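Report on the following structure.
Note that the structure is predicted; figures quoted are calculated from it, not measured. Proteins get letters first, then strands, A, B, ... in listed order; numbering begins at 1 in each. All values below were derived from every heavy atom in this structure, side-chain atoms included, with hydrogens, water molecules and symmetry-related copies excluded.
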Number of protein chains: 2
Amino acid sequence: METTPSPTPDAPRWNPYSADCPTRVVLDRIADKWTVLILGLLGDGPKRFNQLRKSVDGLSQKVLTQILRGLETDGLVTRTAFPTVPVTVEYELTPLGHSLRETLDGVRLWAEANIEAILEARKAKGM
Amino acid sequence: METTPSPTPDAPRWNPYSADCPTRVVLDRIADKWTVLILGLLGDGPKRFNQLRKSVDGLSQKVLTQILRGLETDGLVTRTAFPTVPVTVEYELTPLGHSLRETLDGVRLWAEANIEAILEARKAKGM
DNA sequence: CGGCATCCCATCCGATACTG
DNA sequence: CAGTATCGGATGGGATGCCG
């Protein structure tokens, strides 16, 4: 966790590109290989731990745990453990998480609409 | 650079669930601590190298170079060197880069609108 | 099933020195 | 000014084992 050390508590204004700007706080949480995909999966409804893990190929148990803890910390998902045997744990988006996921849909749509252009740019540069 | 060293051509790509494969390609490019912020800065117009570096708190010269090379590779920015003394280099968004930046504005707006909720969630969990 | 703890290696990144 | 080159420490994350 990389919470910013709170400086002087006076000025409520933040530099748009300093470490405590809202965009950076949010990006530091979601801008990794997997989080956006997990939010997408949870958008379809509550999911169990291993259900998530198996849905995203290459995602390890350790990393999934870290991601879910982070999302929980920020109030984006809830974790519910049912006292079954063995235990069942369900993760679900909060309203806040849902609204973020909807916002990220914009990125997904852009990606799908422009992936060709990107791949051609790479090819044009010999990649 | 972060190009894959292994040139194995036909690896079984990520899970078929992902209509998100394009999303993954795009995320692998932009989903880091800095790239979205740089796209935001360039959205206001062309910027010189050190201009960008000084604008983003904590961003090193090395990482900025890597990011700009990556964005160039994907056709999102152009690099123009002017034969002044000393040399001047300008980075500018392509139309593709502009359209991505506009999409990412959605994320920025969400972040600014919901940062309070996130910080309170963290505080409620003792962070 | 859903974790946590440990080991351990790959990658990242900051610091530094040098260059056109 | 805008990089490239190199090194070493920090970090991330896979593999494995254990546990409620």
Side-chain angles (χ1 to χ4, degrees), chain A residues 1-5 18-19 24 27-38 41-42 46-73 77-92 125, chain B residues 1-8 11-12 14-15 24 27-38 41-42 45-73 77-92 125:
Chain A
M1 190 75 44
E2 65 285 344
T3 53
T4 61
S18 68
R24 280 190 58 179
L27 285 178
D28 284 349
R29 173 65 65 211
I30 70 170
D32 59 66
K33 233 167 133 67
W34 310 110
T35 300
V36 174
L37 300 175
I38 293 170
L41 282 165
L42 289 175
K47 297 272 183 301
R48 299 206 328 280
F49 184 87
N50 279 333
Q51 213 174 346
L52 288 172
R53 194 165 77 82
K54 289 171 189 165
S55 296
V56 184
D57 195 19
L59 175 58
S60 72
Q61 177 271 328
K62 178 178 177 176
V63 172
L64 177 56
T65 300
Q66 290 171 351
I67 289 173
L68 290 171
R69 293 291 173 275
L71 293 176
E72 219 188 330
T73 295
V77 307
T78 56
R79 176 186 185 276
T80 309
F82 299 95
T84 55
V85 177
V87 65
T88 302
V89 179
E90 222 175 58
Y91 292 91
E92 182 170 17
K125 298 198 169 56
Chain B
M1 285 309 165
E2 65 289 335
T3 51
T4 63
S6 63
T8 43
W14 301 96
N15 77 46
R24 286 299 307 278
L27 284 179
D28 285 348
R29 173 64 65 208
I30 70 169
D32 59 65
K33 232 168 132 68
W34 312 110
T35 301
V36 173
L37 300 175
I38 292 169
L41 281 165
L42 290 175
K47 297 274 183 301
R48 299 206 327 280
F49 184 85
N50 278 335
Q51 214 174 346
L52 288 171
R53 193 166 78 82
K54 289 171 190 165
S55 296
V56 183
D57 194 20
L59 174 59
S60 72
Q61 180 268 338
K62 179 178 178 178
V63 172
L64 177 57
T65 299
Q66 289 170 351
I67 289 173
L68 290 171
R69 294 290 173 276
L71 293 176
E72 221 188 328
T73 295
V77 307
T78 55
R79 177 187 185 276
T80 311
F82 298 97
T84 54
V85 177
V87 66
T88 301
V89 178
E90 222 174 60
Y91 291 91
E92 183 170 17
K125 296 198 170 56

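Closest contact between the side chain of B/Q61 and the listed nucleotides C/dG3, D/dG3, C/dG14 involves D/dG3. In this structure, the nucleotide among D/dA2, C/dG14, C/dC4 sitting nearest to the side chain of A/T65 is C/dC4. Of the candidates C/dG3, D/dA2, C/dG2, the closest approach to any side-chain atom of A/N50 belongs to C/dG2. Comparing C/dA15, D/dG14, D/dG3 by their nearest atom to the side chain of B/K62 picks out C/dA15. When distances run from any side-chain atom of B/Y91 to the nucleotides C/dT6, D/dG3, C/dC13, the shortest one goes to D/dG3.
Taking the side chain as every heavy atom from C-beta outward, B/L64 and B/F49 approach each other to under 4.5 Å. Side-chain contact between B/Y91 and B/I38 is absent, with no heavy atoms from C-beta onward closer than 4.5 Å. Between B/L42 and B/E92, the closest side-chain pair of non-hydrogen atoms is not below 4.5 Å.
Heavy-atom distances to DNA chain C give each of B/V87 and B/G58 a nearest nucleotide, and the one nearer the 5′ end belongs to B/G58. Nearer to the 5' terminus of DNA chain D, by closest-nucleotide assignment, is the contact made by B/R48 (compared with the other of B/R48 and A/D32).
The distance between atom NZ of B/K47 and atom P of D/dC1, rounded to the nearest whole Å, is 17 Å. Rounded to an integer number of Å, the gap from A/R53 CZ to D/dG13 P is 16 Å. Atom pair B/K33:NZ and D/dT11:P shows a separation of 12 Å (rounding to whole Å applied). Atom CG in A/L64 sits about 14 Å away from atom P in C/dC1, given to the nearest Å. Atom CD in A/E90 sits about 12 Å away from atom P in C/dG3, given to the nearest Å. Residue A/Q66 contributes atom CD, which lies 10 Å from atom P of C/dC4 at whole-angstrom precision. The distance from atom CD1 of A/I67 to atom C1' of C/dG2 is 16 Å, rounded to the nearest whole Å. As rounded to whole Å, 15 Å separates atom C1' of C/dG20 from atom CZ of B/F49.
Considering only residues two or more places apart in sequence or on other chains, B/K62 meets the side-chain contact (heavy atoms from CB on, under 4.5 Å) condition with B/S60, B/Q66. Not counting sequence neighbours, the partners of B/T84 by the side-chain hydrogen bond (donor to acceptor under 3.5 Å, both in side chains) test are B/T88. Judged as a side-chain contact (heavy atoms from CB on, under 4.5 Å), and not counting sequence neighbours, the contacts of A/V36 are A/L104, B/L27. By the side-chain hydrogen bond (donor to acceptor under 3.5 Å, both in side chains) test, B/T73 pairs with no residue at all, sequence neighbours left out.
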Check against side-chain hydrogen bond (donor to acceptor under 3.5 Å, both in side chains), A/Q61 and A/T65: CA-CA 6 Å; A/Q61 177 271 328; A/T65 300; 3.1 Å; yes

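The two residues A/L37 and B/R24 make their nearest non-hydrogen contact at CD1-CD, 3.1 Å.
Axis orientation changes by 50° from one end of the helix from C/dC1-D/dG20 to C/dG20-D/dC1 to the other, with each end axis drawn from 5 pairs and the value rounded to 10°.
At distances below 3.5 Å, at least one donor-acceptor pair connects side-chain atoms of A/K125 with backbone N or O atoms of B/E72.
Neither OP1 nor OP2 of D/dC1 sits under 4.0 Å from any side-chain N or O of B/T88. For C/dC4, the OP1/OP2 oxygens have a side-chain nitrogen or oxygen of A/R69 closer than 4.0 Å.
Of all the residues in residues 78-86 of chain A, A/R79, A/P86 reach under 4.0 Å from DNA chain C with at least one non-hydrogen atom.
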